[in-house]
Amino acid sequence: MTEENARDVARVVVVDDHTTFAELLSDALDRQEDLENAGIAGSAKDGVELCRSLEPDVVVMDYHLPDGNGLDAAEQILAHNPLTRVIVLTGDPSPEILGRAAITGICGFLPKDGSLATLLDTLRHARTGSLVIHPSLLAIASRPSATQPADTPSLTERERQVLGLMAAGHDVRANAKHLGITENTCRGYVKSILAKLDAHTQLEAVAVAGRLGLLTADRDG
């Protein structure tokens, strides 16, 4: 590998207390030309300390850790280096967890039992300031809740489609192209969504929508 190519390799830290999973993922990373394993930690505390020491490009973080949860650890890592891209893995999301994920600053929220190809692709394309949520997690977290407020805002079908694309981390240009509408029209839908959800940013809107169970896995249309 040339020095120029080496600069394009993303260094990845894996934080997971399941040793077999962590080692298998690390081996897979080292087989990629553009990714490499930078280190493994088995707890939230060790993960935060390792990231402060190594300052990796990307962190793969299990949500359930023996001494805390991955979102708490992610907040500490991002407080030290906001440019770190953190991908959190979970198997049982709730609307509350999904909502918090949207405002924590992580870049991805994926199922623990998802495909390796999806995880590697997310690591490659994760961007700070956007959040990719796997459709299967949206489906689980968006199941109707008995505690859902009676005054939940009513969104139109198009607004729900735009909201789903926002949750997937796409920008206005990409959303407009996907839906076959102009960027100005798409911005109008975004403004309407923010107003209905009493949110100031798109990430905050996704967080509120997650808490209210408004996110769905169906983002086509």
Side-chain angles (χ1 to χ4, degrees), residues 13-18 21-22 25 41-48 51 58-80 82 84-115 118-119 122-123 126-149 152-153 155 160 163-170 193-194 196-219:
V13 160
V14 179
V15 184
D16 198 302
D17 62 321
H18 295 86
F21 175 86
L25 177 55
S43 69
K45 179 177 181 294
D46 290 345
V48 171
C51 289
V58 190
V59 180
V60 178
M61 177 86 65
D62 191 14
Y63 178 78
H64 295 287
L65 295 167
D67 59 340
N69 68 68
L71 292 181
D72 287 338
E75 285 185 337
Q76 296 179 58
I77 291 169
L78 292 170
H80 174 73
T84 306
R85 290 163 283 166
V86 182
I87 310 299
V88 174
L89 307 180
T90 188
D92 53 350
S94 66
E96 291 75 23
I97 293 175
L98 187 64
R100 187 182 168 203
I103 61 176
T104 297
I106 66 172
C107 295
F109 202 47
L110 304 179
K112 182 71 177 285
D113 59 355
S115 73
T118 296
L119 175 56
T122 302
L123 295 180
R127 296 175 296 144
T128 56
S130 65
L131 172 63
V132 174
I133 304 175
H134 193 274
S136 66
L137 298 185
L138 288 175
I140 294 172
S142 300
R143 289 170 182 165
S145 170
T147 60
Q148 183 169 320
T152 299
L155 301 181
R160 285 179 176 271
L163 178 62
L165 291 167
M166 285 163 52
H170 302 304
I193 292 168
L194 295 183
K196 288 184 177 182
L197 298 182
D198 193 23
H200 301 288
T201 67
Q202 293 189 39
L203 283 179
E204 184 181 357
V206 172
V208 173
R211 288 195 297 270
L212 296 177
L214 294 174
L215 295 172
T216 68
D218 182 8
R219 297 193 300 271

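These figures come from a predicted structure and were not determined experimentally.
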Pairwise distance OG1(T104) to CG(L71) - rounded to 0.5 angstrom: 4.5 Å
Does I133 reach the side chain of V206, with side-chain heavy atoms less than 4.5 Å apart? yes
Side chain to side chain, K112 and H18, heavy atoms closer than 4.5 Å: yes
Does some side-chain heavy atom of L131 sit less than 4.5 Å from a side-chain heavy atom of I106? yes
So, using side-chain hydrogen bond (donor to acceptor under 3.5 Å, both in side chains) as the criterion, who are the partners of D17 when residues are at least two apart? none
Check whether any side-chain heavy atom of L25 sits under 4.5 Å from a side-chain heavy atom of L119, and report yes or no. yes
Any residue meeting salt bridge (charged side-chain N to carboxylate O under 4.0 Å, His left out) with D67, in chain and number order, not counting sequence neighbours: none
Can you find a pair of side-chain heavy atoms, one from V59 and one from T84, that are under 4.5 Å apart? yes
How long is the straight-line distance from OG1 of T90 back to CG of L110, given to the nearest 0.5 Å? 10.5 Å
When rounded to the nearest 0.5 angstrom, what is the spacing between CZ in R85 and CG in L123? 8.5 Å
How many angstroms lie between OG1 in T122 and NE2 in H134, if you round to the nearest 0.5 Å? 8.0 Å
Nearest 0.5 angstrom please: Q202 CD to L194 CG, how far? 6.5 Å
For a 4.5 angstrom cut-off between non-hydrogen side-chain atoms, does V132 reach C107? no
Looking at every heavy atom in both V13 and C51, which two are closest together, and how far apart are they? CG1-SG, 4.0 Å
Shortest non-hydrogen contact from L197 toward A205: CD1-O, 3.5 Å
Can you list the residues that meet the side-chain hydrogen bond (donor to acceptor under 3.5 Å, both in side chains) rule with S43, with sequence neighbours excluded? D46
Side-chain heavy atoms of F21 within contact of L89, under 4.5 Å: yes
Might you point out which heavy atoms bring A73 and A44 nearest each other, and give the distance in Å? CB-CB, 4.0 Å
Donor-acceptor contact below 3.5 Å, side chain N69 vs main chain D72: yes
